[in-house]
Each structure stands twice: as C-alpha cells, then as structure tokens.
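Shown next, in structure tokens, is the structure this report addresses.
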Amino acid sequence: MEVRDIFETMDYGPAPESPDVAKEWLQERDGVLDHFIAGKWATPESEEYFASNNPANGELLAMVADGNEADVNLAVAAAADALEGWVAIGGHGRARYLYAMARHIQKNSRLFSVLESLDNGKPVRESRDIDIPLVARHFYHNAGWAQVMHDQLPGYRPIGVVGQIIPWNFPLLMLAWKVAPALAMGNTVVLKPAEYTSATAALFADMCREVGLPKGVFNLVLGDHKAGAALTNHQDIGKLAFTGSTEVGRILRRATAGTGKKLTLELGGKSPFIVFEDSDLDSVVEGLVDAIWFNQGQVCCAGSRLLVQESIAEQLHSKIRNRMSKLVLGDSLDKGIDIGALVDPVQLENIRKLVDLGVEEGGQLWQPQSTMPDTGCYYPPSLITDVQPSATLAQEEIFGPVLVSMTFRTPAEAVALANNSRYGLAASVWTENINLALDVAPKLKAGTVWVNCSNTFDAASGFGGYRESGFGREGGKEGLYEYVKPFWESRLSKEPVQQLPRFTPVDDVSGDEAPEIDRTSKLYIGGRQVRPDGGYSNAAYDATGKVIAEIPAGNRKDIRNAVEAAHAASSWSSTTAHNRAQVLYYIAENLSARSAEFLGRIARLSGKEEASARAELDLCIRRIYYYAAMCDKYDGAVHATPFRNVTLAMKEPLGVIGIVAPEEAGLLGFISTVMPAIAMGNRVVVVPSQHYALLATDFYQVLDTSDLPGGVLNIVTGDQDVLAEVLAKHYDLEGMWYWGSRQGSRMVEEEAAATMKRTWVNYGLYHDWENDEQGQGESFLRKATEIKNIWIPYGE
Ligand code: NAD
C-alpha cells in the first residue's frame with residue numbers, strides 16, 4: 001500500500017472539542033442560569049426554573065429561570081434608570097465599552113463557541129468559525145457607529161429603553177445583531193433569548209459585568225413566551241425588536257398596534273436558490289451546502305427552494321446526492337462533522353411531519369444512508385424533487401436540512417417562481433453570466449440577493465425582509481435608523497397646527513344666486529376620471545359652510561380598482577430616477593401654470609387671505625421641486641463587507657402604497673405625503689382630505705398634462721376612516737401611510753399584521769406641514785423605500 005492509498009482510503013477519526021471549560025463555567029453557577037438585571041444576577045420572582053438540554057445527547061445542561069411580568073418590570077425599570085447616564089457618556093464613551101466587549105468576546109471566543117454548540121447542537125466548527133467571529137465583528141462595527149453617531153446621524157437621538165426578543169438558531173449572533181447597534185445609538189436594553197438557548201446570553205451578561213458596563217445598560221430576562229409577551233406589552237419600552245417566526249411576529253404587530261412603539265420584525269423565509277445552466281456546478285453544490293445544510297438548515301434565509309434550469313436539473317441533482325452522501329452527522333463538539341443536532345425534539349417532529357406531507361403531495365424524497373448518532377435530535381440531509389410550486393413544501397418554511405427542488409426554463413420563469421412566495425428574505429443567483437445575474441437581481445422580491453454565494457453576512461451590510469419576512473433592517477447604516485428617532489418627531493403637536501375652517505353647513509342656498517356646482521369631480525383611477533361605483537356623493541363646503549360641489553363617495557370596489565390600476569403601472573417603479581424627476585418637475589410647472597385657479601380654490605375652501613393661500617401654493621410647488629431633486633439623490637450605498645464582494649445597498653420602492661392624507665392640511669398635506677412616495681417609484685392610492693377633496697380632484701387636471709403614467713397616482717375621495725380600513729385590510733398593498741386619529745392609527749397597524757404591510761401612522765399627533773423639518777425630508781423618503789443588499793463577487 002502506498003501513502004497515497006492511505007490518504008484516499010483513510011477514514012476521518014473523531015476530532016472532539018473539550019466541553020470542560022464551558023461545563024466549568026456552568027458549574028460555577030451550580031448549573032443554574034438566572035436573569036441579569038441592573039448589573040446583578042437575579043433569581044426569578046416565581047422561583048420557577050425549567051430544564052435546558054444538550055440536543056446532541058439529551059443531557060441536562062442547565063436550569064433556566066422562568067421569567068414573568070414581575071421580572072420584566074424590574075429589568076425595564078433598571079434599563080430606564082440607566083438611560084440618562086448611558087446617553088450622557090456620549091458616542092465616544094459608548095464606543096469604548098463596545099470595543100471592550102468586542103475584545104472580550106474575542107478573548108473568550110472558544111468558551112463562547114463551545115457553550116453555544118452544547119446548548120444549540122450546532123457544529124462547533126460553525127460556532128467557532130462563523131457565529132462568534134461575526135458576533136465580535138458586530139461589536140467592533142457598532143463601536144465605530146457609536147463613535148461617529150454625532151456626525152453621521154445628525155438630527156437623531158436614542159429611542160430609550162429597547163425590548164429585544166430573539167430565536168434559538170443563532171443565539172449569540174442574534175443577540176449581537178440587536179444589542180450592539182441599540183447600545184451604540186445610546187439606548188438601554190432588555191433582552192429575552194429563546195427558551196431553548198439561554199446559555200451564551202448569560203455568558204454575555206457575565207462579560208458585561210467583567211468589562212464594567214454601567215449597571216442596567218444591558219439586562220437579560222430568561223424564559224419563554226410569557227416573558228416575551230410581558231416585554232412586548234411593557235409601556236416603558238420605546239421599541240421592540242423581534243426575530244422569530246412570522247406567526248409570533250404577527251402577534252407582536254397586533255400587540256403593539258397604536259402604542260407608538262417602534263417595531264422591527266425579522267421573520268421567516270423560504271428563500272430561492274436559482275441555478276442557471278451556465279453555472280459552475282461544483283461551486284453551486286458547495287454553495288448549497290452553505291445554503292441549506294449550514295446550521296442543520298435552521299437558518300431564516302436558508303436557500304431551501306432550489307430552482308434549477310431544466311437542462312441541467314438531472315446533472316445537478318446527481319451531484320447534490322453525491323455530495324449529500326458525504327455529509328457527516330454527529331455530536332456538535334466533534335470538529336469532523338458537517339451536520340449537528342436540531343435544537344429540540346419538537347423541531348425534529350415538525351420536520352418529520354412536513355416531509356411526510358411533502359411526500360404525500362407527490363414529492364420524491366432522497367436521503368443518503370448517513371450514519372446517525374443513536375441518541376439526540378438528528379435528521380438526515382434530504383432532497384425532495386418533483387415538487388409543485390403550490391405544494392406545501394414549496395411554500396412553508398421547514399427550518400431543517402431539507403432542500404426542495406423545482407425546475408424552470410427561462411429567466412422570466414425563474415423570477416416568477418422565486419417570487420411565488422409570501423416571504424421575501426433572501427435569494428441566491430448562480431450563473432457565470434454577470435448580465436443575467438444583474439438582470440435577475442432587481443426583479444427578486446427579497447431583502448438580500450447573493451450572486452454566486454449564499455448565507456454570507458456582515459455587520460456592515462443590512463439584512464431584513466420584504467413581505468411576510470418582516471420589516472426593518474439589521475446591520476449597516478440602514479440598521480441604525482431602527483434604533484434612533486428624529487428630533488422633530490418629539491415636536492409633533494397634540495392639537496392640529498393647520499386649522500380646518502369652522503362653519504355651520506348651510507345647505508339651503510337661498511336668494512337669486514345661481515347654484516355653484518361648477519365642475520363634476522370624479523375619482524381618478526388608472527389615469528382616467530371615473531364615477532364612483534356606489535353612485536353616492538358627499539357635499540363639499542366652502543369655508544363659510546356653503547355647499548359648492550358634490551364629491552364622489554368612494555367605496556371598497558373603488559379602492560380595489562385603484563389598487564389594480566396601481567399594480568398595472570409597475571413600470572413607474574423600474575423607470576429611471578431621472579425620468580421620475582422630470583415628471584415631478586413637470587407637475588410643479590403645470591401646477592404653477594394653474595396658480596390662479598388653485599389660489600382661488602385654496603382661499604375658498606380654507607378662508608385664507610390671498611397672501612396666505614399664495615404661500616401655501618408656493619410651498620407646494622417648492623416641495624414638489626424638493627422631491628423631484630431627491631429622485632436621483634436619495635440613492636444607495638456600497639458597503640465595505642470584508643469578503644471578495646461588493647455589497648450594493650439599493651433603495652427600492654415598496655410597491656403600491658395606500659395613503660390617507662391629513663384632513664386639516666389642504667393641498668399642502670396632499671402634496672407633502674403623495675410626492676415622496678411617487679418620487680421613490682411607488683404607485684399610490686390616496687384618500688385625500690374630505691374637506692379639501694376638491695383640491696385633490698382639481699389636481700388630476702395637473703396630472704393629466706404632466707406625463708405621469710396612468711395608475712401611478714390614484715385618487716379616491718370619500719370618508720377617510722372608512723376607506724382607511726379598506727386600505728389597511730387590502731391584501732395587495734405593500735405599504736400604508738395614515739395621518740388621522742389615534743384609533744385610526746391603531747386600526748391601521750392592527751389590520752396590517754395580516755399581510756405585514758409597512759405602516760407609517762401619526763398616532764393622532766399633528767405635523768406642522770408648513771415646517772420643512774416636519775413636512776418634508778429624508779424621513780419621508782426612508783419610509784417610501786426598502787433596502788435590498790446585493791452581494792456581488794468583486795476583487796481578489
Ligand atoms: P418563535 O417565533 O417561536 O420564537 C422567537 C422568540 O419569540 C423566542 O424568544 C420566544 O420565546 C418568543 N415568543 C414566542 N411567543 C411569543 C409571544 N407570544 N410574545 C412574545 N414573545 C414570544 O421562533 P423560533 O422558533 O425561536 O425561531 C425560528 C424562526 O425565527 C423561524 O421562522 C426563522 O425563520 C426566524 N428567524 C428569522 C431571522 C431573520 O433575521 N429574519 C433570523 C433567525 C430566525
């Protein structure tokens with residue numbers, strides 16, 4: 001036998017990592033994990049603990065404090081007490097703490113990674129080489145943001161006490177994604193980890209103590225959904241950041257509706273992994289290992305839906321099977337394994353059920369003859385072919401090492417299949433043709449697109465979902481905005497700033513005056529004036545209470561038609577920013593050309609003196625100019641991610657947005673809310689102010705002469721609160737903005753939970769629309785866009 005033969009035939013032996021140091025750390029605490037509140041360990045008020053086991057062998061790892069409302073109250077109070085001091089030490093002071101935390105994590109990285117693998121079941125190779133280095137990277141990166149916050153985010157301030165709830169799949173990494181930016185921006189934190197995985201969060205708390213983090217800046221409450229719900233409902237948190245399932249995300253959207261708590265939801269996914277026929281198939285196979293077998297497939301953005309071009313499907317499936325049969329399953333502390341244990345028997349059962357269902361629905365299941373450990377929660381890597389796009393397995397998140405495969409023929413079909421999902425977290429595109437990759441990337445509805453790579457993350461890049469994968473971004477500069485609020489928000493008024501005229505309606509127009517019904521106003525849908533479906537109208541009054549016209553009373557069908565028209569105008573979202581700017585300038589020009597008519601109307605409806613009406617009109621024109629200017633200036637970024645990539649952070653329109661314009665603010669309120677949305681490429685269905693509806697219906701005359709494509713701006717007049725509810729419930733809107741009452745705001749946020757549409761509501765507070773700080777600016781543009789991060793191979 002030659003040495004070469006020995007290398008080729010020799011089996012890998014086990015390469016065990018010692019659990020001793022991690023077990024010692026647990027033993028120092030008598031195997032008990034407590035809350036960490038105000039810089040000290042705190043036993044649960046209930047005195048209850050539950051068991052947390054090592055999923056690789058079922059052995060007891062620790063007893064975990066079962067937190068409840070009383071514990072959450074203490075933790076939030078501690079965070080509130082610490083807030084002032086944490087803000088006062090300034091960006092540099094906070095940067096030094098975050099830097100110390102990053103260093104401490106690096107110095108104790110092996111302890112962190114071993115404890116993580118014992119608790120979660122993930123291979124220690126992954127926790128050592130991926131999770132923990134990324135955790136340190138997030139603290140370094142955000143130490144930097146703390147340092148430069150003053151220069152880089154002028155006009156913003158911390159939110160206050162932030163509640164954070166995380167899942168079990170990347171316990172410490174999810175903690176880092178949330179805690180590092182929150183602390184950097186001057187907030188204090190109460191974090192609740194998942195009940196299955198509390199150990200590294202407790203180790204992190206211990207580290208906060210060791211680095212001397214001021215008491216109460218970071219607080220940890222352990223426990224299950226009870227503690228999560230108490231944190232969600234606590235009235236002293238200004239923000240809730242959640243990562244977990246879409247189901248729980250919906251509960252939290254409803255629970256926080258109308259409270260004014262800022263909310264980010266990082267939810268589930270069913271991410272497509274698209275392989276074109278010219279791909280380098282060996283790289284594709286390794287990419288798939290990262291996409292679906294990394295962390296046992298328990299990854300929110302796992303490439304779980306393989307879409308492969310028909311011409312190479314068989315060849316690729318055969319290569320995948322071959323690679324799958326070489327994947328080694330085993331104990332998480334064995335460095336020679338590829339796939340560890342699933343987090344809990346409950347999860348194992350879920351996967352089994354879903355796979356059985358997939359087979360019943362006609363999927364062809366293939367699993368290698370892997371050797372499985374005798375005990376623990378293991379599931380073999382699985383490939384399911386012949387899956388229909390509508391099948392459960394193609395639509396539902398499995399959250400396990402199960403790849404489902406479908407074929408396509410053309411790039412257009414690949415995009416259609418990829419987007420045929422209620423989720424939109426990530427997508428991976430494989431082709432050697434850069435033109436094809438960059439043609440497909442903008443068409444994919446996903447927050448992250450990886451070109452010829454998969455599951456690549458970095459603190460400098462934003463991450464987050466489209467659609468039911470949630471909203472908000474974590475990482476990058478875009479992620480920081482989730483942990484700050486603009487100063488101007490605190491200056492919003494409880495009373496209307498712009499006033500509606502006070503009058504008593506005068507329905508009987510007596511005397512010799514001719515009736516003043518001077519123009520038949522209609523709805524404006526798809527670029528055409530249309531009669532309302534219901535055939536009803538409401539009276540329009542002038543500032544003295546005299547009826548001057550009839551305004552159509554739109555209904556549910558009118559909204560439905562308007563939304564359809566808006567969807568049909570999708571080319572507005574892909575046209576160039578330069579084109580959009582020209583149309584907006586043209587709108588301003590045509591509005592200016594009709595000054596006399598609009599001045600008369602503003603004066604008549606508002607009772608304003610001529611000079612004041614002119615000031616409003618001038619401000620409207622200036623504001624349209626502002627948004628025309630910003631069309632091609634509120635642009636994206638290239639993130640400095642530390643791999644062979646450039647990461648393009650592209651700002652994309654939400655899609656179709658429903659807007660309920662402020663009732664009291666006349667033409668200015670209409671322009672100020674509609675223009676930023678269309679400037680960024682959205683299509684809009686707007687319900688204008690009821691009192692000032694005639695100004696909106698006059699405005700479509702301006703639109704008709706301004707080259708705005710039909711369907712981009714649709715105007716449905718009528719009862720604002722009735723139509724707001726129809727918009728909020730609509731399944732085909734991506735966003736909804738609402739300026740109205742407190743109850744209306746709550747209703748919008750509650751109803752939006754069904755589709756996870758992005759909402760922006762005023763909670764019954766009033767903007768001063770004449771003030772540029774409150775009436776225009778980047779805050780409006782940010783709400784009109786979401787960021788897609790596209791990772792492209794670049795450089796050496
Ligand atoms: P989960 O939603 O069951 O639990 C997440 C967290 O919420 C846990 O801490 C849990 O205790 C808490 N919780 C449960 N019910 C609650 C309630 N009613 N009120 C408040 N808190 C409550 O999710 P999971 O099973 O732990 O994690 C898996 C899910 O997380 C998957 O859907 C996955 O896609 C998603 N995930 C998303 C991302 C992302 O960035 N988008 C990252 C990782 C995981």
Side-chain angles (χ1 to χ4, degrees), residues 50 52 64 66-69 72 120 122 131 134 138 163-178 190-198 201 220-234 237 240-256 261 263-271 292 294-304 342-344 346-351 354 396-400 421-426 446-448 455 457 461-475 479 482 753 756 789:
F50 58 86
S52 180
V64 177
D66 192 5
N68 64 16
E69 196 179 331
V72 168
N120 167 282
K122 64 172 69 204
D131 295 39
L134 261 175
H138 275 265
Q164 304 184 322
I165 300 176
I166 54 173
W168 43 260
N169 58 344
F170 293 92
L172 193 67
L173 185 56
M174 293 296 102
L175 175 152
W177 280 25
K178 292 205 161 25
V190 177
L191 178 104
K192 194 207 80 67
E195 50 273 42
Y196 297 136
T197 50
S198 310
L220 178 70
V221 176
L222 306 178
D224 61 13
H225 61 96
K226 297 187 297 298
L231 186 54
T232 304
N233 296 325
H234 201 293
I237 62 163
L240 182 68
F242 172 78
T243 298
S245 60
T246 297
E247 189 190 348
V248 175
R250 257 194 252 289
I251 295 173
L252 303 193
R253 168 70 290 183
R254 292 193 176 112
T256 54
K261 285 174 195 160
L263 180 67
T264 40
L265 297 176
E266 301 282 355
L267 309 176
K270 189 76 196 178
S271 299
I292 187 68
F294 168 54
N295 205 30
Q296 297 69 250
Q298 302 168 129
V299 182
C300 52
C301 49
S304 53
L342 298 163
V343 75
D344 192 82
V346 173
Q347 196 59 20
L348 181 60
E349 203 38 46
N350 286 346
I351 297 170
L354 272 167
E396 295 301 319
E397 186 180 38
I398 303 173
F399 227 56
S421 167
R422 63 196 171 101
Y423 295 115
L425 197 52
T448 298
N455 272 348
F457 311 99
S461 164
F463 183 87
Y466 280 35
R467 301 169 161 183
E468 292 186 33
S469 290
F471 44 77
R473 293 290 177 270
E474 291 188 316
E482 312 291 350
M756 288 291 167
N789 277 279

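Keep in mind that what you see is a predicted model, and the values were worked out from it rather than measured. Just follow the structure's listing: the first ligand is 1, and inside any ligand the first atom is 1.
The option with the heavy atom closest to atom 5 (C) of ligand 1, from among Leu240, Thr197, Thr243, is Thr243. Nearest-residue assignment for atom 40 (O) of ligand 1 (options Glu266, Arg473, Arg250, Glu195; heavy-atom criterion): Glu266.
The shortest side-chain heavy-atom distance between Asn120 and Asn295 falls under the 4.5 Å cut-off. Counting only heavy atoms from C-beta outward, the side chains of Val346 and Tyr196 approach each other to under 4.5 Å. Looking at heavy atoms from C-beta onward, Leu267 lies out of side-chain contact with Cys300 at the 4.5 angstrom threshold. With contacts defined as side-chain heavy-atom distances shorter than 4.5 Å, the pair Phe457/Thr448 does not qualify.
The part of Phe463 lying near ligand 1 is the side chain, judged by heavy-atom distances below 4.0 Å. When heavy-atom distances to ligand 1 are checked against a 4.0 Å cut-off, Leu231 has no atom that comes that close, whether in backbone or side chain. Counting heavy atoms under 4.0 Å from ligand 1, residue Ala255 does not touch it at all.
Considering CG of Leu191 and CD of Gln164, their distance stands at 5.5 Å, rounded to 0.5 Å. Summarising the geometry, atom NZ belonging to Lys178 is positioned 5.5 Å from atom CD belonging to Glu266; distances are rounded to the nearest 0.5 Å. The OG atom of Ser421 sits 9.0 Å away from the CD atom of Glu396 when rounded to the nearest 0.5 Å. If you take OG1 on Thr264 and CG on Leu240, they are separated by 7.5 Å, rounding to the nearest 0.5 Å.
Here the protein heavy atom with the shortest distance to atom 41 (N) of ligand 1 is Leu267 O, 2.8 Å. For atom 22 (C) of ligand 1, the nearest protein heavy atom (residue, atom name, distance) is Val248 CG1, 3.7 Å. Nearest to atom 20 (C) of ligand 1 among the protein's heavy atoms is Gly228 C, 3.2 Å. Nearest non-hydrogen protein atom to atom 32 (O) of ligand 1 is Glu397 OE1, 2.7 Å. Atom 3 (O) of ligand 1 has its closest protein heavy atom at Ser245 OG, 3.9 Å. Protein heavy atom in closest approach to atom 14 (C) of ligand 1: His225 CB, 3.7 Å. Of the protein's non-hydrogen atoms, Phe399 CE2, 3.6 Å is the one closest to atom 28 (C) of ligand 1. Nearest protein heavy-atom neighbour of atom 39 (C) of ligand 1: Cys300 SG, 3.3 Å.
For the pair Trp168 and ligand 1, the shortest N or O to N or O distance falls below 3.5 Å. When only interatomic distances are considered, the shortest N/O to N/O separation between Gly223 and ligand 1 does not fall below 3.5 Å. The distance criterion of under 3.5 Å between nitrogen or oxygen atoms is met by Ile166 with respect to ligand 1.
Of all non-hydrogen atoms in Tyr466 and Arg473, the two that sit nearest each other are CE1-NH2, 3.3 Å.
Between Phe170 and Trp177, a ring centre-to-centre spacing not shorter than 6.0 Å is recorded.
Ligand-side atoms of ligand 1 in range of Pro193: 9 (O), range being under 4.0 angstrom from any heavy atom.
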